[in-house]
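Everything on this sheet refers to the single structure shown next.
Each residue takes its place number in the sequence, starting with 1.
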Amino acid sequence: MAVYIDVIVDISVNSLDRIFQYRVPEELLDAVTVGCQVNVPFGSGNRRRQAYVIGVDTVLAYDASKIKDILGVTKAPAATGQLIALADWMHERYGCTMAQALKTVLPVKKSVKEVKRTAYFLADREGAQQLLEKSRKSRREKARVRLLEAMLKEGCMSKETVTGVLQISASTMKSILQTGVIREETSQVYRNPVRQRLDGWQEVCLNDEQMNAVASIWQNAAICREHWSREQGMHLLYGITGSGKTEVYMALMEKVLNEGRQIIVLIPEISLTLQTVSRFYARFGSQIAVMNSRLSAGERYDQYMRAKRGEASIMIGPRSALFTPFDRLGLIIIDEEHESSYKSENSPRYHARETAIHRAKLEGARVILGSATPSMEAYYRAKEGEYVLVKLEARFEERPLPRVSIIDMREQLKKGNRLALSLELREDLSQCLKKGEQAMLFLNRRGYAGVVSCRSCGHVMKCPHCDVSLSEHNGRKLICHYCGYETVKPDKCPVCSSPYIGGFKAGTQQIQQVVEKEFPEARVLRMDYDTTRAKGSYEKILSAFSRHEADILIGTQMIVKGHDFPDVTLVGILAADLSLNADDYRSGERTFQLLTQAVGRAGRGRKEGHALIQTYSPDHYSIQTAAKQDYEEFYQEEMGYRLLMDYPPAAHMMAVLGSSEDEKLLETAMHYLGLFTGKIYAGKDLHVIGPAPASVGKVKDVYRRVLYLKHENYDLLVRIKDRLEEYIEINSGFRKVNIQFDFS
Ligand code: ADP
Ligand code: ZN
Ligand code: ZN
């Protein structure tokens, strides 16, 4: 039987979109696998070209008289080859095109022109030392201090490090260059200096619990190096906030580096602050490359290339850093594994967790998922024995957890208080300000989209079939985004007949007005989408608050991440229900995570903290368990709901997302997809729900509808997806309809 391979010829980016088929001669059969590189005769002149093998098949797809033999195998799967194999898997698993998958995993080559590289060198050590001492005395020269300290230690740094890791602005750099203590050089290629540590770094002594965590992960990992298996290579590090997860990561990273292998650390974009990165930087110095979305495509490519050339052995970045072309990958860490930003919202709609596991499998690396509030998926897999569960249960130095009170907002209305701040919270705020301590007010607006609830009794309008909140449409209708159920919006609460039923309207700006009126002497900072649009403003607000330049910080979920504020002793959570009632089956989980994180902001320093949760549903388990900081209890309750309703991780769910400018056509097309699904798989255990309008029903004149399929078996859903793809391909009715698949 002849074997054919699909290859991508290495010419330029544009050709990525084309797949060519070649024949494999008998003697090369054993050597060819997906991901390896081969030489092929290409074009009419049959010029010898490099090509990547992306698939192996037995069916000839082209004219038999024109098919050519490959010339030879040049490389076993290398970094790029491995990534192509990964793309192949993503293409299959997530139902995107091969080209989309390749574009996601491969660093995009810009032009062929070599990029000039800029580096900074220490030109005058004594001068720099003097300048540093002078700058340390000034409050306004923090950036200078940071730069000079690093420069004195490192001697030479790349421009990417200076701007990306140290976050030095162009104007600061310019003013320092003018003093002459640092010199700039631009060349074709430069080498990073050998690895060094920053002054600030001190050897840490792990406590017993941390040491055990490192030992158990390392032991398992040692076994898995020979025979990689899921059970041994995958770890879930579940550690409460402040238990030292980062210290455990770093101890393991050290071991991996000593083996001569490389590391990818994924951190959600929003937590990729200077404070986080500097901890890694202080320990591992210039071995680190950092990626974030603020980098231009070219800068990102440079960071990739640093990794590829072996100049950096650690890549820290958001989701996309997962595709760093390391060829001796030893470890992938996913910090705050539960974050929703690890799931891509564009095709390929991949999840970093699953994709990391697959990459690690291909390359014999280990994976550590870390979280204080693990995702339902990860904890479920750990319980099932697929991941090794490692726990850190004590806070470092036994700093106590904050005291938490739940405020029942239904009582406030009875007490005649209609403000978004409860009487209790106002009292605590005034105490906090008197003592000269800081407070954070967190307005939980996540996932809020027209949910209707009663302010008198807390009743929320829900779908009778799906048990998720209904959303208001055009002020009159309530719709379920899973099954399409519709009902009219009531003008009285169906439970208590109160007329106070409607959507929650207060935003961060209104809260700020209330606070400023109530506490005119307090200095208030606000952080939300509006105040953080300008470049660098996010960091600016956070650092101003950490320097205690304000007493109260008001904000959305942005303020609950990543930063330590030792003077914060009070956290107020307003409208804890908003995320609870989001029209999504994950709303209970998201609420628990957000509340737990928000509560954890209080009392990070020496003083005891206090948190107040304002809610209309004080008895809901997400709120109760978050107040107790009891993950295990939350998990049990939530899993009960998922099992009952067949939501992931109890089952798998595939969303078929349709969009079109033609509403009628879209409706018909989705209807037929639903019918066709019933034809391909008639088993009773497949739940087909919808089609319903998507949670954002219409964007820029494009209508959107969703069909949900639920089944225990992921592979069965993938097979159905394949069949639907064929059906869409051959039916002309789908030409003006865009269909995408989304797995969860
Ligand atoms: P997590 O990532 O679990 O929230 P961190 O790693 O940020 O926890 O640790 C919380 C704080 O405790 C940090 O300031 C960290 O430096 C400190 N810390 C944790 N473990 C140790 C240790 N073994 N020695 C010294 N400091 C530690
Ligand atoms: Zn009511
Ligand atoms: Zn429904």
Audit row: Lys414, Glu411, salt bridge (Lys or Arg N to Asp or Glu O under 4.0 Å) steps and yes/no: CA-CA 5 Å; Lys414 287 186 199 145; Glu411 299 295 323; 3.7 Å; yes

Gap separating the CD atom of Gln624 from the OG atom of Ser617, nearest 0.5 angstrom: 10.5 Å

side-chain contact (heavy atoms from CB on, under 4.5 Å) assessment of Val390 paired with Tyr238: CA-CA 6 Å; Val390 181; Tyr238 160 42; over 6 Å; no

Arg349 and Leu657: CA distance, side-chain angles, deciding distance, side-chain contact (heavy atoms from CB on, under 4.5 Å) verdict: CA-CA 12 Å; Arg349 294 169 174 262; Leu657 308 161; 3.4 Å; yes

No-hydrogen, no-angle side-chain donor-acceptor test under 3.5 Å, Glu637 and Thr625: no

Distance-only polar pair, side chains of Ser347 and Gln740, donor-acceptor under 3.5 Å: no

Sub-4.5 Å side-chain heavy-atom contact between Tyr379 and Glu632: yes

Any Tyr249 side-chain heavy atom under 4.5 Å of Val265 side chain: no

Counterpart residues, side-chain contact (heavy atoms from CB on, under 4.5 Å), relative to Asp715 (two or more places apart): Asn713, Arg719

Flag if over 12 foreign heavy atoms under 6.0 Å of NZ, Lys415: yes

Non-neighbouring partners of His711 that pass ring-ring contact (aromatic ring centres under 6.0 Å, His included), sequence neighbours left out: Tyr681

Sequence-distant partners of Ser659, side-chain contact (heavy atoms from CB on, under 4.5 Å), two or more places apart: Val702, Arg704, Asn738

side-chain contact (heavy atoms from CB on, under 4.5 Å) partners of Glu712, counting only residues at least two apart: none

pair Arg359-Val367: side-chain heavy atoms closer than 4.5 Å: no

Donor-acceptor pair between Ser375 and Arg353 side chains, under 3.5 angstrom: yes

Intermediate values then yes/no, side-chain contact (heavy atoms from CB on, under 4.5 Å), Thr569 and His610: CA-CA 6 Å; Thr569 55; His610 184 199; over 6 Å; no

Aromatic ring proximity, centroids under 6.0 angstrom, Tyr641 and Tyr621: no

Heavy-atom side-chain contact between Ile334 and Glu339 under 4.5 Å: no

Flag side-chain contact, heavy atom, 4.5 Å: Leu717 against Leu686: yes

Verdict with reasoning, Lys721 to Glu92, per side-chain contact (heavy atoms from CB on, under 4.5 Å): CA-CA 10 Å; Lys721 177 213 76 190; Glu92 193 34 49; 4.3 Å; yes

Contacts of type side-chain contact (heavy atoms from CB on, under 4.5 Å), residue Arg93, not counting sequence neighbours: Trp89, Glu354, Tyr714

Side-chain H-bond candidate by donor/acceptor type, Ser744 with His351, under 3.5 Å: no

Nearest-0.5 Å distance, CD1 of residue Ile680 to OH of residue Tyr727: 9.5 Å

Side-chain donor-acceptor pair present, Tyr342, Glu337, cut-off under 3.5 Å: no

Gap between atom CG of Asp742 and atom CD of Glu345 - 0.5 Å precision: 6.5 Å

Spacing of Leu470 atom CG and Thr487 atom OG1 [to the nearest 0.5 Å]: 7.5 Å

Side chain to side chain donor-acceptor pair (under 3.5 Å) contacts touching residues 644-653 (sequence neighbours left out): Asp646-His687

Atom pair NE2 (His338) and CG (Asp335), whose distance is rounded to the nearest 0.5 Å: 9.0 Å

Lys383, NZ: over 12 other non-hydrogen atoms inside 6.0 angstrom: yes

